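Below is one structure, written out as structure tokens; the observations come after it.
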Amino acid sequence: MEKSRPLWANPLQFVFACISYAVGLGNVWRFPYLCQMYGGGSFLVPYFVMLIVEGMPLLYLELAVGQRMRQGSVGAWKTISPYLGGVGLASVVVSFFLSMYYNIINAWAFWYLFHSFQDPLPWSVCPLNDNHTGYDEECEKASSTQYFWYRKTLNISPSIQDSGHVQWEPALCLVLAWLVVYLCILRGTQSTGKVVYFTALLPYCVLMIYLVRGLTLHGATNGIAYMFTPKLEQLANPKAWINAATQIFFSLGLGFGSLIAFASYNEPSNNCQKHAVIVSLINTSTSIFASIVTFSIYGFKATFNYESCLNKVILLLTNSFDLEDGFLTASNLEQVKGYLASTFPGKYSEVLPQMRNCSLQSELATAVQGTGLSFIVYTEAIKNMEVSQLWSVLYFFMLLMLGIGSMLGNTAAILTPLTDSKVISSHLPKEAISGLVCLVNCVIGLVFTMESGNYWFDIFNDYAATLSLLLIVLVETIAVCYVYGLRRFESDLEAMTGRGLNWYWKAMWAGMSPLLIVSLFVFYLSDYILTGTLQYQAWDAFQGQLVTKDYPPYALAVIGLLVASSTMCIPLVALGTFITRCLKRGDTPPAA
Amino acid sequence: MATVLDSAHIEHCRHRRMFHWTAPLCTINFESTQPPELRADQNDSLRGGSSPRMFTCGDAENAFKVRLSIRTALGDKAYAWDTNEEYLFKAMVAFSMRKVPNRETTEISNVLLCNVTQRVSFWFVVTDPSKNHTLPAVEIQSAIRMNRNRINNAFFLNDQTLEFLKIPSTLAPPTDPSMPIWIIIFSVIFCIVIVAVMLLILSGIRQRRRETFRPLGKL
């Protein structure tokens, strides 16, 4: 008699687990960027359309599959069709890649969190050079926040070929990050169920505090006006729609197997339709909420930089023309410049090359996403706030909660199939399996702490999950609708939850969503093929800025391997099952 | 160079009147325009005996330009730069030179200021007691660097608002604690997490041992 499957203590834990998994770093650092690039307020239109057409149906599908099959991704898809165990395996492989590189972000968040307890903040001042006569050269050319990120945190090498050695400081933080994750998943749903209360709720507390602080900052309204001013012509841009679809897709975390894993611990009678709608709506509103906070901070930073730039010009003119201190202000600057240009053209033309053109618009238009947003732009804004240590601690604590919440889902996707499998769970207890998974991931993750680690991180971030996930979800939808049969699935759900299936879900699952995914897939493939060689951004220490370089052949091979290893699982396992079945039956396999 | 500066500040005073700026400084200097060459202490040349100095102190090789940003530093509490403040400045420079060991005593009269502009900026030189030549720049530089803090404090300014243009200020070395703070916090959290992991594992093992001794039905 096998042990009964562990369950969530109450449905709220399940909802919080899904929320803390879905609401992750992408909501904070990718959505505001997309909003800015694709028309501000008008980006919300394609975003909502895609949410209703693609996000909610697919989320409901995954939750329903998990709750019905009551197994992790591998077992669930094997039950749907024996040839489709490869889909589950592909999900596990992608989750494995994801958890390998995702936890380094938590390690960086720990690093910044620990460094926030100093006065002044270490990224607010440049260190002195060797003979104490000036500041470090790299720091002068870049900015102090960029210097702290690229030199002190990453100690980045000039290109991906120069691997350098493992940096012990980020390595220690990575070990700590994995220990924290292990602590949370150690006891399965027992421990995870308690942790998700914190990882789901605390980020909202911090976001609220930041919202109030952000809106009261000087210049915040500039940023918010800039973001929400709709640029309606972007609605006609197909890239806006494609990016909206992609963002919904990845933001909800579809296809990794985590949602199936979480739902498999549900009571069979759980109303997962309601939960699917709730989770997707909360995810969307969190994205918008985080964008408001981000843009008020952007506005503050842009206004601060604009005013500093003006002050520099004022100081330059005051010193060159020996004007009275305090005479030149921002309001009379243009007039006085005109006057000086006409009266002293020779001297003015000498000074002119050193004067920068200060523009608030160009400061606001610097759109950043990803780690650059969190660790460079946000830290630059935080260092200029009062009591910056407090804001810094709050911010990185929030990043940690978001990151760990997502890691719980990632590791659940790997562990649930492992603990479900009789072979493994009969030999090893749950704690040992979790420990092994964490240990293997930690050791491989040390690659990202090398000097070239950030370049490998970018490779994993851009290529490990994108194409594979689209394929996985496409096969999932087709499998449920056409292989298992939509009617059969509908009657299963009715028997399980006692509620019928709305026509809307059926229409979306059978028609709209697969079409959308196919078009996304075609778009990405053609994009990869058309761009030709792949390039990356490398940090040049001498110039103090990023430069574009080509990937060396072995990096391209790794990219190919990443994509192939997950996508090939599906046909390979199907083929393998087919062959073993034919061998069992004793027939010779028909010619392919 | 001196001519350009003077006409610049004259023009700019006129210009300011156009904008109705009512600061007293402009008016004072406007009335006291003097040729920059001999803007030295009148008393000195009257003291008889010494030949009048015929060097333009702005061109003298051992001259230093000084720039003050009083309004930036003090805002509303900014004081006006007048001849009394200049006297204090000369006194501070003389004081710095006196502190150099093995030197002849420098008097305030040996410090000459000229080209005082609206900014406020001016040039100064330090002559030797015989007033024939100026002291080498290197000595003045090191003397001022030694006493920079006291000079700054006398005027309620700091290194950025009282600038000596050819004398670099020694930047404060970063305070490096013997043990970086982040390691302390890291160790604390690390130990807490390890202890918690151990506790959970041990309680899990104990629970499992209890299960094997009692039949499953009880749970």
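If you're wondering where the values come from, they're calculated on a predicted model, not measured in any experiment. Atoms considered below: every heavy atom in the structure, side chains included; atoms not considered: hydrogens, waters and symmetry mates. Each chain gets a letter, A, B and so on, in the order the sequences are listed, and its residues count up from 1.
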**Prompt:** Which atom pair, heavy atoms only, marks the closest approach of I181(B) to F117(A)?
**Reply:** CD1-O, 4.2 Å
**Request:** Report the distance from atom CG of L200(B) to atom CD of Q190(A), rounding to the nearest 0.5 Å.
**Result:** 9.0 Å
**Fill in**
Pair count under 4.5 Å, heavy atoms only, with chain B: among W111(A), F110(A), F114(A), highest is F114(A)
**From CD (E169(A)) to CZ (F186(B)), nearest 0.5 Å** = 10.5 Å
**Message:** Could you check whether atom CZ of F95(B) has more than 12 heavy atoms from other residues, nucleotides or ligands sitting under 6.0 Å from it?
**Reply:** yes
**Request:** Output the distance between atom CG (L323(A)) and atom OG1 (T117(B)), rounded to the nearest 0.5 Å.
**Result:** 9.0 Å
**Asked** Just wondering, more than 12 heavy atoms not from Y197(A) lying within 6.0 Å of its OH?
**Response** yes
**Asked** Got a second to check how far F190(B)'s CZ is from L179(A)'s CG, nearest 0.5 Å?
**Response** 5.0 Å
**Request:** Go through T318(A), V180(A), N319(A) and name the one with the most non-hydrogen pairs under 4.5 angstrom from chain B.
**Result:** N319(A)
**Item:** Any L113(A) side-chain heavy atom under 4.5 Å of W182(B) side chain
**Value:** no
**Region of L340(A) that comes under 4.5 Å of a non-hydrogen atom in chain B** = neither
**Request:** Output the option from I194(B), I205(B), V197(B) having the highest count of non-hydrogen pairs under 4.5 Å with chain A.
**Result:** V197(B)
**Item:** K152(A) atom NZ: more than 12 heavy-atom contacts under 6.0 Å
**Value:** no
Side-chain donor-acceptor contacts of residues 430-440 of chain A below 3.5 Å, not counting sequence neighbours, with atom names and distances?
from    : atom 1 : to      : atom 2 : distance (Å)
K430(A) : NZ     : R187(A) : O      : 3.4
E431(A) : OE1    : R208(B) : NH2    : 2.7
E431(A) : OE2    : R208(B) : NH2    : 3.2
S434(A) : OG     : K430(A) : O      : 2.8

**CD/E137(A): more than 12 non-hydrogen atoms of other groups inside 6.0 Å** = no
**Portion of L183(A) that has a non-hydrogen atom of chain B nearer than 4.5 angstrom** = both
